[in-house]
Peer 1: 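Handing you this structure, nothing more for now.
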Amino acid sequence: MATVSAPKQVSVKEDAEALRKACQGWGTDEKAIIAVLGRRNAAQRRQIRHVYEEIYQEDLIKRLESELSGHFEKAVYRWILDPPDRDAVLANVELKKSGDEHHVIVEISCTKNPEELLDIRRAYHARYKRSLEEDVAYHTKGDTRRLLVALVSAFRYYGEEINTTLAKSEAKKLHEAVKNKKFGNEDVIRILSTRSIAQLQATFNCYREEEGTSITKNLPKDSSDEYIATLRMAVRCLKDPKKYFEKVLRRSIEGIGTDEDALTRVIVTRAEKDLKEIKELYRKRNNVPLDKAVDKEISGDYKDMLLTLLGNEV
């Protein structure tokens, strides 16, 4: 369930006027911006952008970018974008880093339904004049390239039907690949990138029943191998996305320093989907509410924006 509770009836004209007022004068009224945008759903935010541009003949996103700064600006910018466009931007930013971490590509490939993933690919194509698959292939290599291109190109069946015989057969194939350390095996990539989520869940359950442990526990941990780290991430996303996102949030906060990019990414992308369940998982795992952990970890308008998206009154 979502943590953002948007009113059913809003005046987008009044919202646009409030945002214009917040950006005028000597200083920016950040609290007014949060009060409007932090409590509107994607459709309402889209309408606000359109009405704002019609009235004031300027792009609201560009205006906010010029008024805001730091992690707060990033959070607002990512929130105000249409979800497919936001994911396209996040994917492009990650790919341009030329690093060996592929959290965004794995997350959008493994946690979106087929139509959502297709919308992201279309948004990427429209914004960057290249395909997402093309850029993923360009910025990766070897088995990592084979896995990620297969994942972002997928259009999985999204029904609940499962084939138990197939699940047992493919669980065995996965076991053989893991046992023989053939992690880049063609069958591994084919199974993970083509089977429906329901079918994969059945396969992972068969794996556990036959082996007495989950496939994630049998994959090497803390591997410096880029492919194995990406493979493990993909399996975790496909197996239990809420548990995966809870762990990303926990790691973004625990230890010395805060991973603001990861913290913002998860809260912004899940606030209209399943962030309420992720919050509950976090509380059970860490014995502290996520809201309290965020309140302690960060500060200022950035904190107020994330706490608003978490469902708090600030």
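Basis for what follows: all heavy atoms, side chains included, without hydrogens, waters or symmetry-related copies. Treat the numbers as computed from the prediction; the structure is a model and nothing was measured. Numbering starts at 1 and runs along the sequence shown.
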Peer 1: Would you say the side chains of Y244 and E107 form a donor-acceptor pair under 3.5 Å?
Peer 2: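 Checked: Y244/E107 side chains pair up, N/O donor to acceptor below 3.5 Å.
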
Peer 1: Looking only at the side chains, is there a donor atom on one of N286 and E246 sitting less than 3.5 Å from an acceptor on the other?
Peer 2: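 E246 and N286 do have a side-chain donor-acceptor pair below 3.5 Å.
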
Peer 1: Under a 4.5 Å cut-off applied to non-hydrogen side-chain atoms, are L64 and L37 in contact?
Peer 2: yes

Peer 1: Using a 4.5 Å cut-off on heavy atoms from C-beta on, say whether the side chain of L90 contacts that of T269.
Peer 2: yes

Peer 1: Nearest 0.5 angstrom please: T258 OG1 to E297 CD, how far?
Peer 2: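 Reported value, rounded in 0.5 Å steps: 3.0 Å.
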
Peer 1: Assess the side chains of E210 and H175: does a donor N or O sit below 3.5 Å from an acceptor N or O?
Peer 2: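 The answer is no; no qualifying pair exists.
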
Peer 1: When you look at K74 and D261, which way does the side chain to side chain contact (heavy atoms under 4.5 Å, CB included) test go after all the steps?
Peer 2: CA-CA 9 Å; K74 277 188 179 180; D261 280 347; 3.5 Å; yes

Peer 1: Rounded to the nearest 0.5 Å, how far apart are CD1 of I120 and CD of E115?
Peer 2: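 Going from CD1 on I120 over to CD on E115, the span is 11.5 Å.
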
Peer 1: Do the side chains of K21 and D29 get close enough for a salt bridge, i.e. N-O under 4.0 angstrom?
Peer 2: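 D29 and K21: not salt-bridged.
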
Peer 1: Looking only at atom types and distance, does a side-chain atom of T308 sit under 3.5 Å from a main-chain N or O of D304, one as donor and one as acceptor?
Peer 2: yes

Peer 1: Taking R45 for the side chain and W79 for the main chain, is one N or O donor matched with an acceptor at less than 3.5 Å?
Peer 2: yes

Peer 1: Are any of the side-chain nitrogens in D119 or K112 under 4.0 Å away from the carboxylate oxygens of its partner?
Peer 2: no

Peer 1: Check whether any side-chain heavy atom of S214 sits under 4.5 Å from a side-chain heavy atom of K239, and report yes or no.
Peer 2: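 With C-beta onward as the side chain, the pair touches.
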
Peer 1: Could you tell me whether the side chain of Q44 and the main chain of P7 form a donor-acceptor pair under 3.5 Å?
Peer 2: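 It does hold such a pair.
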
Peer 1: Please report the C-alpha distance between E280 and K276 in whole Å, then the side-chain angles of each, then the deciding distance to 0.1 Å, and finally whether the salt bridge (charged side-chain N to carboxylate O under 4.0 Å, His left out) criterion is met.
Peer 2: CA-CA 6 Å; E280 183 59 22; K276 190 171 286 187; over 6 Å; no

Peer 1: Quick one: do D259 and R251 make a salt bridge, cutoff under 4.0 Å?
Peer 2: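 No, no charged N to carboxylate O under 4.0 Å.
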
Peer 1: Inspect the surroundings of OH in Y138 and state if more than 12 heavy atoms from other residues, nucleotides or ligands are less than 6.0 Å away.
Peer 2: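 Incorrect, the count does not exceed 12.
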
Peer 1: H139 and E94: side-chain donor and acceptor closer than 3.5 Å?
Peer 2: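 Note: H139 and E94 side chains miss the donor-acceptor criterion.
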
Peer 1: Restricting to pairs with a member in residues 193-202, which pass side chain to side chain donor-acceptor pair (under 3.5 Å), not counting sequence neighbours?
Peer 2: E170-R195

Peer 1: Taking the side chain as every heavy atom from C-beta outward, state whether R122 and H125 have any atom pair closer than 4.5 Å.
Peer 2: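 A side-chain contact under 4.5 Å is absent here.
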
Peer 1: Please confirm whether the backbone N or O of V178 pairs with a side-chain atom of K181, one donor and one acceptor, at under 3.5 Å?
Peer 2: no

Peer 1: Does E58 pair with R63 as a salt bridge, N-O distance under 4.0 Å?
Peer 2: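 A salt bridge is present here (some side-chain N lies under 4.0 Å from a carboxylate O).
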
Peer 1: Would you please say whether a donor-acceptor pair under 3.5 Å links the side chains of E73 and Y302?
Peer 2: no

Peer 1: Decide side chain to side chain contact (heavy atoms under 4.5 Å, CB included) for R86 and V89; before the verdict, give the C-alpha distance in whole Å, the side-chain angles of both, and the deciding distance to 0.1 Å.
Peer 2: CA-CA 5 Å; R86 171 206 301 147; V89 169; 5.8 Å; no

Peer 1: If you apply the rule salt bridge (charged side-chain N to carboxylate O under 4.0 Å, His left out), what do you find for R190 with D187, and how did you get there?
Peer 2: CA-CA 5 Å; R190 175 185 58 80; D187 280 335; 3.2 Å; yes

Peer 1: Working to the nearest 0.5 Å, report the span between CD1 of I191 and CD of E186.
Peer 2: 10.5 Å

Peer 1: Is there side-chain contact between N92 and Y124, with heavy atoms separated by less than 4.5 Å?
Peer 2: yes

Peer 1: Between E277 (side chain only) and K242 (backbone N and O only), is there a donor and an acceptor less than 3.5 Å apart?
Peer 2: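 Not at all, since once roles are kept as given, no pair shorter than 3.5 Å links the two residues.
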
Peer 1: Can you give me the closest heavy-atom contact between I108 and A91, atom names plus distance?
Peer 2: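 Result for this residue pair: CD1-CB, 4.2 Å.
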
Peer 1: Could you tell me if the side chain of L151 sits less than 4.5 Å from the side chain of R156, heavy atoms only?
Peer 2: yes

Peer 1: Between L310 and L275, is the side chain to side chain contact (heavy atoms under 4.5 Å, CB included) condition met? List the steps.
Peer 2: CA-CA 8 Å; L310 283 166; L275 190 53; 3.6 Å; yes

Peer 1: Under a 4.0 Å N-O cut-off, is there an ion pair linking D82 with R49?
Peer 2: yes

